[in-house]
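Contents: one structure, followed by commentary.
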Amino acid sequence: MGGSGEKCAYERLRDARIRENKARLESLGLLRKTGEVRAIVSSSSSATGGRSGVKRKRKIRIVEGTPLRRSERLKGKHDDDGDADSSPPDALRGNATVAASSEYRDVVHQVRKRLFSDGRASKSRGSVYDPALGICCHFCRQKKLCGEEDCRRCGDGNINQPCIGKTECSVCHSSNGVLCRACLKVRYGEELEEVRANKDWMCPHCIEEKGINPYWICNRQAHSTALSHSFCLKKRKMVPTGIAIYQARKQGYRSVAHLLMDRLKREAAQK
């Protein structure tokens with residue numbers, strides 16, 4: 001197989017099959033047809049010069065109605081060329097944003113007036129989301145306009161005015177003391193009118209830090225589908241409560257905070 005040049009049994013069998021296939025194709029006339037097709041293809045390619053030697057011209061499509069955008073840097077122009085017309089004037093900058101924001105504010109104002117006129121404005125967590133005027137609640141994280149009729153911030157759109165539909169801690173004045181009406185009632189059992197009347201009202205964070213009531217804690221948690229993550233409760237190595245208001249009221253507590261306070265007192269007494 002190596003130096004003698006003799007073929008092995010496999011190669012002899014392969015050659016025999018090749019001869020057999022050629023004879024079958026020739027008997028069917030396929031070899032003749034294949035030669036004719038190759039002749040036609042070769043003659044047509046020689047007449048056109050062959051595709052390999054011809055370069056197709058690229059058609060440039062010009063879209064009318066929109067100006068072409070070209071980089072000034074690629075054109076060789078720089079900011080220090082002294083071209084005063086290269087940058088738009090200050091009066092034209094942000095006009096689209098201002099117009100959009102004003103239109104958005106008008107739409108929100110009209111929607112809110114319609115809600116109040118129909119009696120469908122919610123005073124619990126608000127009805128209209130507003131990223132600019134809305135103040136984020138520390139618990140539910142809802143940045144909605146409150147449903148209070150006398151609120152000049154949410155009702156009149158005055159961003160310099162406070163929102164009377166959210167609480168404010170008299171000590172820290174931070175976001176930890178911002179609670180909406182619903183979360184204040186459900187999570188801590190307090191009414192918003194009582195908090196407004198009490199100028200010395202403190203949030204649960206400040207009450208715990210000052211040692212006034214070590215068991216009155218903030219029970220804020222992340223609002224996901226499973227309610228599986230907790231922020232303020234995690235610091236105490238406590239599991240999130242979830243929607244525990246029904247359990248608290250069933251056991252006779254005013255709110256979730258009262259339920260947790262009694263639980264912490266019992267755990268401290270057992271130690």
Side-chain angles (χ1 to χ4, degrees), residues 1-111 114 127-134 136 140-144 221-231 234 240 242:
M1 179 178 172
S4 61
E6 296 180 357
K7 295 183 178 181
C8 63
Y10 168 77
E11 291 179 349
R12 292 193 299 270
L13 178 62
R14 178 174 175 270
D15 293 341
R17 287 182 177 178
I18 292 175
R19 290 192 298 270
E20 182 181 355
N21 292 335
K22 285 184 178 181
R24 185 179 301 174
L25 292 175
E26 187 175 359
S27 63
L28 296 174
L30 294 179
L31 292 180
R32 182 172 52 83
K33 297 292 184 181
T34 303
E36 294 177 358
V37 171
R38 289 178 179 176
I40 295 173
V41 172
S42 60
S43 60
S44 60
S45 61
S46 61
T48 56
R51 292 187 177 182
S52 59
V54 178
K55 294 184 178 180
R56 298 180 61 185
K57 294 184 179 180
R58 185 177 180 182
K59 296 181 179 180
I60 301 176
R61 185 179 61 179
I62 300 177
V63 180
E64 298 180 357
T66 57
L68 297 178
R69 301 178 63 181
R70 294 291 185 266
S71 173
E72 299 295 335
R73 178 179 58 82
L74 297 179
K75 292 180 180 180
K77 295 182 180 181
H78 301 282
D79 295 337
D80 54 353
D81 290 344
D83 189 2
D85 297 333
S86 59
S87 59
D90 295 337
L92 297 180
R93 295 176 181 175
N95 284 348
T97 305
V98 173
S101 61
S102 61
E103 292 178 1
Y104 171 76
R105 189 72 55 229
D106 294 339
V107 171
V108 170
H109 185 66
Q110 294 297 329
V111 170
R114 191 182 309 156
S127 302
V128 181
Y129 174 81
D130 194 309
L133 293 176
C136 185
C140 67
R141 318 304 297 169
Q142 296 294 320
K143 211 171 186 181
K144 293 183 179 180
Q221 59 192 11
H223 278 250
S224 60
T225 55
L227 293 173
S228 58
H229 301 284
S230 176
F231 293 100
K234 189 176 182 180

Item checked: Nearest heavy-atom neighbours spanning Leu133 and Asp130 -> N-OD1, 2.9 Å
Checklist line | Heavy-atom pair with the smallest gap, counting every atom of Lys143 and Tyr129 | finding: O-CD1, 3.2 Å
Next item on the list: For Glu36, enumerate each residue passing the side-chain contact (heavy atoms from CB on, under 4.5 Å) test, keeping only those at least two apart in sequence or located in another chain.
Entry: Arg32, Lys33
Next item on the list: With rounding to the nearest 0.5 Å, note down the distance linking CZ in Arg12 to CD in Glu6.
Entry: 8.0 Å
